[in-house]
Amino acid sequence: MVSWEGCNVMSTLVAQKQLAALIASALEQIIDQGMLNISDLPEINLEIPRDKSHGDFASNIALVLAKPAGKKPREIAEMIVENIDDQKFIDKVDIAGPGFINFFLSDQWLYNVLERIEAEKLDYGSSNFGAGEKVLLEFVSANPVGPMNIVNARAAAIGDTLARLFKASGYFVATEYYVNDAGVQTEIFGKSLLSRYRQINNPDYPFPDDGYPGDYIVDLAHELLNQNTALDWMTEDEQIEFCRTWGIDRMVDSQRQDLLDFNVKFDRWFRERELHQAKALENIIKILTERGYIYEAEGAKWFRSTAFGDDKDRVIIKNDGTYTYVTADIAYHYDKLKRGFTKLIDLLGPDHHGYIGRMKAAVQALGYSEDTLEILILQYVALLRDGQQVKMSKRAGEFITLKELLAEVGKDAARYFFIMRSLDSHLDFDLTLAAEQSSENPVYYIQYAHARICSIIRQAGAQSIAVKSVKDVSLQLLNHETEIDLMKKLAELPEEILLSTIERAPHRIARYALDLASLFHSFYTHCYIIGEKEELRDARLVLISCVRIVLERVLTLLGVSAPERM
RNA sequence: GCGCCUGUAGCUCAGGGGAUAGAGCAUCGGACUUCUAAUCCGAGAGCCGCAGGUUCGAAUCCUGCCAGGCGCGCCA
């Protein structure tokens, strides 16, 4: 049994849980009295009504029960309300509309929120929901033969924030970037680099037909020249191999640096070559063969992925004896599983959606459940400049790289813009707006709220006014409408973090940050702080200090900085 | 042809069974002798792509259609 002693409600999550328990016990009493005849209780959900006149929380339970119970919704609602135990934290309970039960809570629960924020600081909103489950989040994994593009950038921002959300929700998370450094593409890359290297002294040296045209390879060639390597004494094959490994290492280094500049740090950069060196591909084929999912046909070896619902079986060893990329990918995922991760999440671009079936099949063929692997598909990004779409052609070597994006709009705006839309949304990224440092830009709007609070606290400090502890101020003075709204929003953070994690929806946090900033700005214009009487001033300082903590918290989740001055 | 995503205010997007459908931008009108006007307050603006169905209740779920984006290799 839940104890109702004291008023321990301190977030919307807790409030909803407690109200649901109250309704459940009311229903039990009604059923015991024989007033209601239903076989089993449905789940009781509390929602926060859009309209404030509908209370702090509302339940539709009476409407849901109307049919199975064969009674009118309002009649059921009345019985429930009559049987709800009186609680100190409930001001009143109304029945409204077709049969909604609306709960109006005493403001005390909001003051408890401030106490909790003061106690937990930047941990406020965290939970142990994940119970330490080991999750491996793989994202970006861009080919190392070229610079990272705008979709990679979106994946980086979203993947990184998802990782932060999983951590906040009590999971053990590791992030990985898978480097395809073993395929045909890297060989073409090696040839391209060697050709550019030769062209420095011999402009007529041929460039491979299928070579990579970008200028970055020319830059790499000049860097290679300055390295004074033993390249010229090698055979042709050795030269290509050297260019490949040296060049890929340089590409990976620069990708790693670009991502660090974007506030994205991977726990591990996993090289495909490690799998080959460890004979992991041979091993995975052996395992799948033993399990009976490999067969030979048309001179190749196939993985029977259709056994688990895939559209067609997949070639795993080509008729020329080499492996397909799927083979390495299965080996990589098996490696993840062997390392003890019980949940694998891959964040991929929309061109990879056909990949879901075969990889889920592979995981199952290896003896794991289908939902061990979760593949999130990210939709494309269209870049706009001055309202016009920026055309990008990879073949012509024209595309905006992550590095260029950061130079143009900055890390904070870029992160926010990528995260503010749901994964499913085909994002229109407005470069002009993102680069603008004005009120039209939501990033600055949120950061400005944080900087404003810091400024007030600085001003107060200059007048020797310190921010007191929550328990030393008169919280009941915080009763202005904008103050109540602000505290309600603070109360929502734990729920928001949890839902953002469960729904894999980082955009919810971006929106929450914007809403909180908006409520603060509104409060700021309606309520003074430093000029007010001491008691009210101190209470308000506590309030804005809590708002500041939560703003810093959500900005950190987004990977955006929380400036103290602007 | 098959698969995935999308279609909501002039624009970009939230909401994904519940009460009068929301936000930002844009437009229009107001607010600075005091803590940052990078702000606030207010107004107008919508057959929620179309047509059926399920439901006490559908923007939300199901079916079909229309439109846009992206896939459907022994490429990665």
Side-chain angles (χ1 to χ4, degrees), chain A residues 45 47 49-51 53-54 58 60 63-64 66-67 72-73 96-100 102 141-143 145 180 182-186 272 298-302 311-312 314-326 328-329 349-357 377-380 382 384 387 417 420-430 433 436-449 451-460 462-463 465 482 503 505 507-508 510-511 514-515 517-518 520-532 537 540-541 544 565-566:
Chain A
N45 294 311
E47 60 166 26
R50 270 198 300 271
D51 188 336
S53 69
H54 294 142
N60 65 348
L63 288 97
V64 174
K67 191 158 194 186
K72 288 179 185 162
F100 289 102
N102 295 335
S141 299
N143 228 302
V145 299
N180 290 112
V184 186
Q185 298 194 30
T186 59
E272 182 183 349
E298 302 165 45
K301 279 197 176 178
W302 298 71
D311 302 342
K312 48 188 154 188
R314 307 292 166 176
V315 170
I316 214 149
I317 299 180
K318 297 183 238 176
N319 57 20
D320 66 1
T322 61
Y323 301 106
T324 64
Y325 73 94
V326 186
D329 283 350
D351 49 335
H352 284 74
H353 92 263
Y355 177 96
I356 298 173
I377 297 293
L378 196 58
Q379 294 303 318
Y380 272 125
L384 303 174
F417 273 63
M420 72 179 175
R421 303 299 179 213
S422 69
L423 307 205
D424 289 338
S425 149
H426 303 227
L427 177 68
D428 275 356
F429 192 113
D430 189 332
L433 175 60
E436 205 167 317
Q437 303 201 3
S438 76
S439 57
E440 294 165 32
N441 191 330
V443 190
Y444 292 98
Y445 181 87
I446 298 163
Q447 290 179 319
Y448 182 55
R452 257 185 158 175
I453 296 173
C454 291
S455 172
I456 297 167
I457 293 174
R458 266 198 311 273
Q459 290 278 333
Q463 298 174 37
I465 303 164
T482 59
E503 295 173 8
H507 74 277
R508 293 186 65 123
R511 172 159 288 265
L514 193 68
D515 289 346
S518 170
F520 169 75
H521 286 309
S522 181
F523 157 78
Y524 177 90
T525 42
H526 288 98
C527 300
Y528 286 112
I529 298 169
I530 294 177
E532 293 289 352
R537 178 199 70 195
R540 284 185 173 161
L541 278 172
I544 64 164
R565 291 169 205 272
M566 283 175 77

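Because the structure is predicted, anything quoted here is derived from the model rather than measured.
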Which nucleotide in the set [options] lies at the smallest distance from any side-chain heavy atom of [X]?
{"X": "A:Glu272", "options": "B:rA76, B:rC74, B:rU36", "value": "B:rA76"}
{"X": "A:Ile456", "options": "B:rA14, B:rC74, B:rC35", "value": "B:rC35"}
{"X": "A:Gln379", "options": "B:rC5, B:rC74, B:rA19", "value": "B:rC5"}
{"X": "A:Val184", "options": "B:rA76, B:rA14, B:rC5", "value": "B:rA76"}
{"X": "A:Tyr528", "options": "B:rC35, B:rA21, B:rU12", "value": "B:rC35"}
{"X": "A:Arg421", "options": "B:rU6, B:rC13, B:rC41", "value": "B:rC13"}
{"X": "A:Arg452", "options": "B:rG68, B:rA37, B:rA19", "value": "B:rA37"}
{"X": "A:His526", "options": "B:rC74, B:rC40, B:rC35", "value": "B:rC40"}
{"X": "A:Lys312", "options": "B:rU39, B:rC70, B:rC72", "value": "B:rC72"}
{"X": "A:Arg50", "options": "B:rC70, B:rA21, B:rC40", "value": "B:rA21"}

Please indicate yes or no: is the ring centre of A:His352 less than 5.5 Å from the centre of the six-membered base ring of B:rG71, with the two planes inclined by under 30 degrees?
->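 No; centroid distance or tilt outside limits.
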Mark this stacking check for A:Phe100 against B:rA19 as yes or no, applying ring centres under 5.5 Å and ring planes under 30°.
->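 Yes; by the centre-distance and plane-angle rule, A:Phe100 counts as stacking on B:rA19.
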Side-chain donor or acceptor of A:Thr324 paired with backbone N/O of A:Val315 under 3.5 Å =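 Here the side-chain-to-backbone pair exists.
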Short side-chain to backbone donor-acceptor contact, A:Thr525 and A:His521, under 3.5 Å |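 Pair found, side chain donor or acceptor close to backbone of A:His521.
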[atom1] atoms of [N] and [M], separation to the nearest Å:
{"N": "B:rG16", "M": "B:rC48", "atom1": "C1'", "value": "12 Å"}
{"N": "B:rC47", "M": "B:rG7", "atom1": "C1'", "value": "15 Å"}
{"N": "B:rA43", "M": "B:rU6", "atom1": "C1'", "value": "32 Å"}
{"N": "B:rG10", "M": "B:rA26", "atom1": "C1'", "value": "7 Å"}
{"N": "B:rC13", "M": "B:rG49", "atom1": "P", "value": "15 Å"}
{"N": "B:rG18", "M": "B:rC35", "atom1": "C1'", "value": "43 Å"}
{"N": "B:rG71", "M": "B:rG57", "atom1": "P", "value": "43 Å"}
{"N": "B:rG73", "M": "B:rG17", "atom1": "P", "value": "35 Å"}

Can you tell me the distance, in whole Å, between the [atom1] atom of [X] and the [atom2] atom of [N]?
{"X": "A:Phe523", "N": "B:rU39", "atom1": "CZ", "atom2": "C1'", "result": "14 Å"}
{"X": "A:His507", "N": "B:rG22", "atom1": "NE2", "atom2": "P", "result": "18 Å"}
{"X": "A:Ile316", "N": "B:rA76", "atom1": "CD1", "atom2": "C1'", "result": "15 Å"}
{"X": "A:Leu541", "N": "B:rC35", "atom1": "CG", "atom2": "C1'", "result": "10 Å"}
{"X": "A:Ile377", "N": "B:rU6", "atom1": "CD1", "atom2": "P", "result": "12 Å"}
{"X": "A:His521", "N": "B:rC35", "atom1": "NE2", "atom2": "P", "result": "16 Å"}
{"X": "A:Tyr323", "N": "B:rG73", "atom1": "OH", "atom2": "P", "result": "23 Å"}
{"X": "A:Met420", "N": "B:rA14", "atom1": "CE", "atom2": "P", "result": "10 Å"}

Within 6.0 Å of NZ in A:Lys72, more than 12 heavy atoms from elsewhere =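 For A:Lys72, atom NZ is not crowded (no more than 12 foreign heavy atoms under 6.0 Å).
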Measure the acute angle between the ring planes of A:Tyr325 and A:Tyr355, then classify it against the limits of 30° and 60° as parallel, tilted or perpendicular.
->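 If you compare the ring of A:Tyr325 with that of A:Tyr355, the planes turn out parallel.
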Using only heavy-atom distances, decide whether a donor-acceptor pair under 3.5 angstrom links the side-chain of [X] to the base of [N].
{"X": "A:Asn319", "N": "B:rC74", "answer": "yes"}
{"X": "A:Asp515", "N": "B:rA14", "answer": "no"}
{"X": "A:Tyr448", "N": "B:rA38", "answer": "no"}
{"X": "A:His353", "N": "B:rG3", "answer": "yes"}

Strand partner of [N], provided both Watson-Crick or wobble distances fall under 3.5 Å:
{"N": "B:rC32", "value": "none"}
{"N": "B:rC25", "value": "B:rG10"}
{"N": "B:rG18", "value": "B:rC56"}

For the side chain to side chain contact (heavy atoms under 4.5 Å, CB included) test, which of A:Leu541, A:Ile544, A:Ile529 pairs with A:Ile453?
->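 The passing option is A:Ile544.
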Hey, mind stepping through A:Asn319 and A:Glu298 against side-chain hydrogen bond (donor to acceptor under 3.5 Å, both in side chains) and telling me if it holds?
-> CA-CA 8 Å; A:Asn319 57 20; A:Glu298 302 165 45; over 6 Å; no
Determine: side-chain N/O of A:Ser518 to OP1/OP2 of B:rA23, distance under 4.0 Å, yes or no.
->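 The answer is no; no side-chain N or O of A:Ser518 sits under 4.0 Å from OP1 or OP2.
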Under 4.0 Å between a side-chain N/O of A:Thr322 and OP1 or OP2 of B:rC74, yes or no?
->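 The answer is no; no side-chain N or O of A:Thr322 sits under 4.0 Å from OP1 or OP2.
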Quick one: are A:Arg565 and A:Arg458 in side-chain contact, heavy atoms under 4.5 Å?
->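 Side-chain contact under 4.5 Å: yes.
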Establish, for the pair A:Arg452 and A:Phe520, whether the NZ or CZ atom is under 6.0 angstrom from the six-membered ring centre and no further than 45 degrees off its axis.
->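 No, A:Arg452 does not sit over the ring of A:Phe520.
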